[in-house]
K.L.:
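The following block contains the structure, expressed as structure tokens.
Positions are given from 1, in the same order as the sequence printed here. Bear in mind that the values here come from a model prediction, so they are computed numbers and not experimental data. Just so it is clear, the values below take in all heavy atoms, side chains as well, and ignore hydrogens, waters and symmetry mates.
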Amino acid sequence: MEVKMQEPEFTETKSKEATVPEINNQTGTITKVPASAPQDEWLKYGEQISRFLATLPEYLGAFFNQYKQPLISIGLIVGAIVAVKVLLAILDALNDIPLVAPTFELIGIGYSAWFVYRYLLKASTRKELTSEITTLKSQVVGKIPEA
């Protein structure tokens, strides 16, 4: 019993480059080559992107109108965090300058001493401070203080 191995058959195919000269066989005429599949896919993606970008302002407007209050709150929180970081960076930079840190400490100690002398030593000035704090709190919260 004899086993024969099959040999693969090869057929010769022509590439597209070989057929391109056949398209323009007449002198003086230019024939358009049909668009290939990758170009059609790019055109399809481009149309989808342009449709998305055309409707994007409507989507963003509706989203902002629906979530206006939470977006404003988040924006204020992020802005406050950024402001605190900038303030701390400025204070850290000022702290590196010689004689500035001790000067700020002296100013803080002096203001604290004045505040204690002005508002905390006597009972009448403590009542005045309490009324000022109550007034400020009512202005911030929006309630009228009860007498």
Side-chain angles (χ1 to χ4, degrees), residues 8-147:
E9 295 180 18
F10 293 105
T11 57
E12 193 171 316
T13 58
K14 291 185 176 181
S15 65
K16 287 187 177 184
E17 290 83 17
T19 60
V20 171
E22 297 170 4
I23 294 174
N24 293 328
N25 54 7
Q26 295 178 357
T27 319
T29 61
I30 298 177
T31 308
K32 289 186 178 180
V33 178
S36 63
Q39 288 179 347
D40 290 339
E41 288 181 27
W42 282 109
L43 288 174
K44 196 183 306 180
Y45 292 139
E47 289 174 6
Q48 289 176 350
I49 290 171
S50 67
R51 269 189 264 125
F52 173 74
L53 291 176
T55 57
L56 187 63
E58 292 177 20
Y59 288 139
L60 289 178
F63 180 81
F64 184 74
N65 285 336
Q66 186 176 2
Y67 298 108
K68 185 182 280 188
Q69 189 64 34
L71 287 174
I72 290 173
S73 299
I74 290 171
L76 288 174
I77 290 170
V78 169
I81 290 171
V82 169
V84 167
K85 292 254 186 191
V86 168
L87 181 66
L88 289 175
I90 290 171
L91 288 176
D92 190 39
L94 285 175
N95 211 10
D96 292 339
I97 300 172
L99 296 177
V100 173
T103 306
F104 283 157
E105 288 178 15
L106 285 175
I107 291 171
I109 291 171
Y111 182 78
S112 298
W114 173 83
F115 185 83
V116 167
Y117 175 74
R118 170 72 174 90
Y119 289 109
L120 301 179
L121 287 181
K122 298 178 186 172
S124 61
T125 56
R126 285 193 296 267
K127 287 182 183 178
E128 180 185 341
L129 178 64
T130 305
S131 67
E132 285 184 23
I133 291 174
T134 306
T135 305
L136 180 64
K137 188 168 61 170
S138 68
Q139 288 174 351
V140 171
V141 176
K143 296 181 181 177
I144 300 172
E146 296 177 11

K.L.:
Around atom CD of Glu58, are there more than 12 heavy atoms from other residues, nucleotides or ligands closer than 6.0 Å?
P.N.:
no
K.L.:
Using side-chain heavy atoms (C-beta onward) and a distance below 4.5 Å, is Ile74 in contact with Val78?
P.N.:
yes
K.L.:
So, using side-chain hydrogen bond (donor to acceptor under 3.5 Å, both in side chains) as the criterion, who are the partners of Arg118 when residues are at least two apart?
P.N.:
Glu128
K.L.:
What is the distance from atom OG1 of Thr134 to atom NZ of Lys127, rounded to the nearest 0.5 Å?
P.N.:
13.0 Å
K.L.:
Give the intermediate values and the outcome of ring pair (Phe, Tyr, Trp, His ring centres under 6.0 Å) for residues Phe63 and Tyr59.
P.N.:
CA-CA 6 Å; Phe63 180 81; Tyr59 288 139; over 10 Å; no
K.L.:
Rounded to the nearest 0.5 Å, what separates atom OH in Tyr117 from atom NZ in Lys122?
P.N.:
6.0 Å
K.L.:
Measure up the Tyr119 and Phe115 rings against each other and bin them: parallel (under 30°), tilted (30 to 60°), perpendicular (over 60°).
P.N.:
tilted
K.L.:
Check Thr135 against Ser138 and note the closest heavy-atom contact, atom names and distance.
P.N.:
O-OG, 2.7 Å
K.L.:
To the nearest 0.5 Å, how far apart are CG in Leu71 and CG in Leu76?
P.N.:
11.0 Å
K.L.:
With side chains defined as the heavy atoms from C-beta onward, is the minimum distance between Leu94 and Ile97 less than 4.5 Å?
P.N.:
yes
K.L.:
Working to the nearest 0.5 Å, report the span between CD1 of Ile77 and CD1 of Ile72.
P.N.:
12.0 Å
K.L.:
Look up atom CG in Leu99 and atom CG in Leu106, then write down how far apart they are to the nearest 0.5 Å.
P.N.:
10.5 Å
